[in-house]
Amino acid sequence: MSPLVGVLALQGASGEHADALRKLGARAQEVRIPKDLASIDAIILPGGESTTISMLLESSETFEPLSELLAQGLPAFGTCAGMIMLSNEVLDGRSDQRSFNRIDISVRRNAFGRQIASFEKEIDVLGLEDPFPAVFIRAPGVEVAGPAVEVLATVELDKGNEIPVLCRQNNVLVSSFHPELTNDLRLHQMFLNEV
Ligand code: GLN
């Protein structure tokens, strides 16, 4: 049977992720409450506002059960705010915001600037033949990536300063940008290959 992939749907761009998964032959399950986690084989944490997502995960009592599944090795793909949620350390976060500590990166929120810094860029991705159209929206930036983290793509933040924007540690994939906002399915496919 095709894999069942949860898409966290508390806030943010969950529908586009579900569409991308279905186009690739996977099944998608929106996740809002703990019972939605029941038989998922993997999860996507979409973009949005990480402070709000963290708060809604707690108020819906979904944070702990999801954290447990992730700690047991549930494959995960985090995009933008989802990258922040999976990281080990959040810089410029709100003091009460939580993350799942599933990838050894320190992530600064809104690293590219607060409002103006939304942009699109063709980026080279390790393992993909042609550049990927990456859409950045008030995107987080990776300040430190630990030795276990594979950096699959970087972008120049300012002159001479390349920062990681696509990283993987085992079956956890994170992007600063929004692959679900393009018709390019290659990163969702890359994720499904790990599921
Ligand atoms: N700036 C948002 C945050 O902190 C992320 C933006 C996005 O997901 N597009 O959490």
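Every number for a ligand or one of its atoms is a count from 1 in the order of the listing.
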Q) What do we get for T79 next to ligand 1 when only non-hydrogen atoms under 4.0 Å count, side chain, backbone, both or neither? A)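 Neither; no heavy atom under 4.0 Å.
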
Under 4.0 Å from any heavy atom of [X], which atoms of ligand 1 are there?
X: I84; result: 3 (C), 4 (O), 10 (O)
X: S50; result: 3 (C), 4 (O), 10 (O)
X: G47; result: 8 (O)

**Prompt:** Nearest heavy atom to atom 6 (C) of ligand 1: which of G48, G12, G78 does it belong to?
**Reply:**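 Among G48, G12, G78, the closest heavy atom to atom 6 (C) of ligand 1 belongs to G48.
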
Could you pull out, from R138, E49, R108, the option with a heavy atom nearest to atom 3 (C) of ligand 1?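 Among R138, E49, R108, the closest heavy atom to atom 3 (C) of ligand 1 belongs to E49.
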
Ring centroid separation H178 to F136 under 6.0 Å
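Ring centres of F136 and H178 not closer than 6.0 Å.
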
Please report whether ligand 1 has a polar contact with I137, defined as an N or O pair separated by less than 3.5 Å (distance criterion only).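 I137 vs ligand 1: N/O contact under 3.5 Å present.
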
Using a plain distance cutoff, I'd like to know if R109 has any nitrogen or oxygen under 3.5 Å from a nitrogen or oxygen of ligand 1.
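Among all N and O atoms of R109, at least one is under 3.5 Å from an N or O of ligand 1.
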
Check: How far apart are the C-alpha atoms of S54 and Q97, what are their side-chain angles, what is the distance that settles it, and do they pass the side-chain hydrogen bond (donor to acceptor under 3.5 Å, both in side chains) test?
Finding: CA-CA 6 Å; S54 168; Q97 105 175 74; 5.9 Å; no

Q | 4.5 Å side-chain heavy-atom contact, M85 and R98 | A |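 When only atoms from C-beta onward are counted, R98 and M85 do not touch, as no gap falls below 4.5 Å.
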
Could you list the donor-acceptor pairs under 3.5 angstrom formed between side-chain atoms of residues 20-30 and any protein atom two or more places apart in sequence or on another chain?
| unit_1 | atom_1 | unit_2 | atom_2 | d |
| --- | --- | --- | --- | --- |
| R27 | NE | S2 | O | 3.1 |
| R27 | NH2 | S2 | O | 2.9 |
| E30 | OE1 | R32 | NH1 | 3.0 |
| E30 | OE1 | R32 | NH2 | 2.8 |

Next item on the list: Do me a favour and list the nearest non-hydrogen protein atom to atom 1 (N) of ligand 1 with residue, atom name and distance?
Entry: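 Looking at atom 1 (N) of ligand 1, the protein heavy atom closest to it is N110 OD1, 2.9 Å.
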
* **Heavy-atom nearest neighbour in the protein, as seen from atom 7 (C) of ligand 1, with distance rounded to 0.1 Å** =>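 Of every protein heavy atom, C80 SG, 2.7 Å lies nearest to atom 7 (C) of ligand 1.
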
Can D92 and R108 be counted as an ion pair, charged N to O under 4.0 angstrom?
->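 Salt bridge: yes.
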
task: For residues I53 and G48, report the shortest heavy-atom separation together with the two atoms involved.
output: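 Closest approach of I53 to G48: CD1-CA, 4.3 Å.
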
Please answer: with hydrophobic residues joined when any side-chain heavy atoms are less than 4.5 Å apart, are V90 and L66 in the same cluster?
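Yes; tracing contacts between hydrophobic side chains, which count when under 4.5 Å, links both residues.
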
